[in-house]
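Since the structure comes first, as structure tokens, the remarks are kept for the end.
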Amino acid sequence: MKTTTTFIYNVLAAVALLLCSMQGFSQDCVSCDTLMKNIRLGFNNTVNNSWEEQTILGNNNTTSQNNAVVIGTNSMASRSHSYIFGSFSESNGLHSYVIGSNSIADKTDNFAIGNTAQSMSGNGFAIGNYTKSFAEGAYVLGLGRSLSIPLENTVKNSLAIGFKSNVPTLFVSESPDVNRTGSIGIGNVTDPQAKLHIRADEEEHATLRLEATGSNKHSRLYFSDDIYLT
């Protein structure tokens, strides 16, 4: 992480020094604080000069602590090692990352990637447009219906996947122990009661179809006692 931060700083420092040497750029546009190693490129950007190695590229952005980086517009990185690449977004957690617009990574080790992606608890991931992670270690991947109808995951240490809905089509639960595995839910099942729990939507049949392809191939369902159905 330190290597990545140093690389970003060095690249932007080189750009800033180049711009500082050119005519026509005022201090409001380019600011290079060699003592605190803070860089601002653009207009109406604010860094906290009590902290070091903050980098801003764009307009109307704010950084507040060490190694905070914003590349975009109207965004705020408020904690150390918080990063934003986008617009109208916030990165408020230590080692939190945002890539996109109108998105937020609010706690430690949060990731928010997409348009209106929200990761609100530690170690959470919200990936996709209109997605929300609201529990520790909760991952959500896909596409919500709209700004007011997002795809959500509120279950600790789990994965929810869905598209154009506010509930998941596929859910993977937390493993109960280090040498054990979690359970899978299909069809808005966020608390699987079996290793594979399938639930049909209202007015829909609960079905499982096995379809073989090729000549002389069969669809088979195996049980633990070696009995199968063809």
Side-chain angles (χ1 to χ4, degrees), residues 1-16 33 35-42 45-142 150-161 172 174-175 178 182:
M1 189 62 63
K2 180 64 175 178
T3 301
T4 302
T5 302
T6 301
F7 174 77
I8 293 173
Y9 174 80
N10 288 338
V11 170
L12 292 181
V15 174
D33 185 341
L35 178 63
M36 301 301 290
K37 298 181 180 179
N38 293 326
I39 300 174
R40 291 182 294 135
L41 289 81
N45 294 311
T46 302
V47 300
N48 184 348
N49 289 320
S50 298
W51 299 78
E52 298 180 325
E53 296 187 357
Q54 299 161 81
T55 302
I56 296 178
L57 174 58
N59 300 320
N60 304 309
N61 300 300
T62 302
T63 56
S64 300
Q65 294 187 6
N66 289 338
N67 300 294
V69 176
V70 176
I71 301 175
T73 58
N74 297 288
S75 295
M76 178 176 66
S78 64
R79 290 294 305 276
S80 294
H81 300 281
S82 55
Y83 304 87
I84 294 177
F85 184 84
S87 60
F88 297 95
S89 295
E90 296 181 26
S91 183
N92 298 322
L94 183 67
H95 295 290
S96 59
Y97 300 79
V98 174
I99 301 175
S101 60
N102 300 294
S103 296
I104 181 170
D106 203 46
K107 304 296 182 182
T108 300
D109 295 325
N110 274 175
F111 288 76
I113 302 174
N115 176 24
T116 317
Q118 299 185 23
S119 184
M120 307 303 290
S121 296
N123 296 299
F125 277 64
I127 303 175
N129 296 344
Y130 313 122
T131 55
K132 290 187 177 183
S133 167
F134 280 122
E136 181 80 18
Y139 284 50
V140 56
L141 171 63
L151 174 65
E152 299 184 355
N153 186 3
T154 61
V155 181
K156 182 179 179 181
N157 299 326
S158 66
L159 168 65
I161 300 176
V172 181
E174 178 181 5
S175 299
V178 64

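As the structure is a prediction and not an experimental result, all values here were calculated from the model.
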To the nearest 0.5 Å, how far apart are CD1 in Ile113 and CD1 in Ile99?
5.0 Å
Say you draw a straight line from CZ of Arg40 to CG of Asn59; how long is it, rounded to the nearest 0.5 Å?
12.0 Å
Value rounded to 0.5 Å, distance of CD in Glu52 from NZ in Lys37:
7.0 Å
Exactly one candidate in Val172, Ile127, Leu141 meets side-chain contact (heavy atoms from CB on, under 4.5 Å) with Ile161; the answer is Leu141
Indicate the atoms forming the closest heavy-atom contact of Ala112 with Ala117, along with that distance.
CB-O, 3.6 Å
Can you measure from OG (Ser101) to CD1 (Ile84) and round to the nearest 0.5 angstrom?
11.5 Å
Ring pair (Phe, Tyr, Trp, His ring centres under 6.0 Å) involving Tyr139 - partner list, sequence neighbours excluded:
Phe125
Name all residues meeting the side-chain contact (heavy atoms from CB on, under 4.5 Å) criterion together with Asn48; count only those two or more places apart in sequence or in a different chain, and write none if there are none.
Ser50, Trp51, Gln54
In Å, rounded to the nearest 0.5 Å, how long is the span from CD1 of Ile71 to CD1 of Ile56?
10.5 Å
Under 3.5 Å, is there a donor-acceptor pair between the side chain of Asn45 and the main chain of Gly58?
yes
Donor + acceptor pair across side chains of Ser89, Ser103 (<3.5 Å)
no
Is it true that the side chains of Thr73 and Asn60 contain a donor and an acceptor less than 3.5 Å apart?
no
Would Ile104 and Asn92 count as a side-chain contact (heavy atoms from CB on, under 4.5 Å) here? Give the steps.
CA-CA 8 Å; Ile104 181 170; Asn92 298 322; 3.8 Å; yes
Taking Ala138's backbone N and O only, do any of them form a donor-acceptor pair with Ser133's side chain (distance below 3.5 Å, no angle check)?
yes
Which heavy-atom pair separates Gly122 from Lys107 by the least distance, and what is that distance?
N-CB, 3.6 Å
Side chains of Ser75 and Asn61, heavy atoms from C-beta outward: is any pair under 4.5 Å?
yes
Listed by chain and number, what are the side-chain contact (heavy atoms from CB on, under 4.5 Å) partners of Ser158, not counting sequence neighbours?
Asn153, Val155, Phe171
Short question: side chain of Ser96, backbone of Asp106 - any donor-acceptor pair under 3.5 Å?
no
To check you understand the geometry: which heavy-atom pair defines the closest contact between Ser175 and Gly182, and what is its length?
OG-N, 3.3 Å
For Phe134, is the CZ atom crowded, meaning more than 12 foreign heavy atoms sit under 6.0 Å from it?
yes
Measure from the side-chain N and O atoms of Gln118 to the backbone N and O of Lys132, and report whether any donor-acceptor pair falls under 3.5 Å.
no
Can any side-chain N or O of Ser82 pair as donor or acceptor with the backbone N or O of Leu94 at less than 3.5 Å?
no
Exercise: do Asn123 and Glu136 side chains pair donor with acceptor under 3.5 Å
yes
Could you pull out the closest heavy-atom pair between Ala68 and Arg79, with the gap in Å?
CB-O, 3.8 Å
Around atom CG of Leu159, are there more than 12 heavy atoms from other residues, nucleotides or ligands closer than 6.0 Å?
yes
Asn129 side chain to Asn115 backbone, donor-acceptor under 3.5 Å
yes
Quick one, Ser87 and Asn74 - any side-chain contact, counting heavy atoms below 4.5 Å?
no
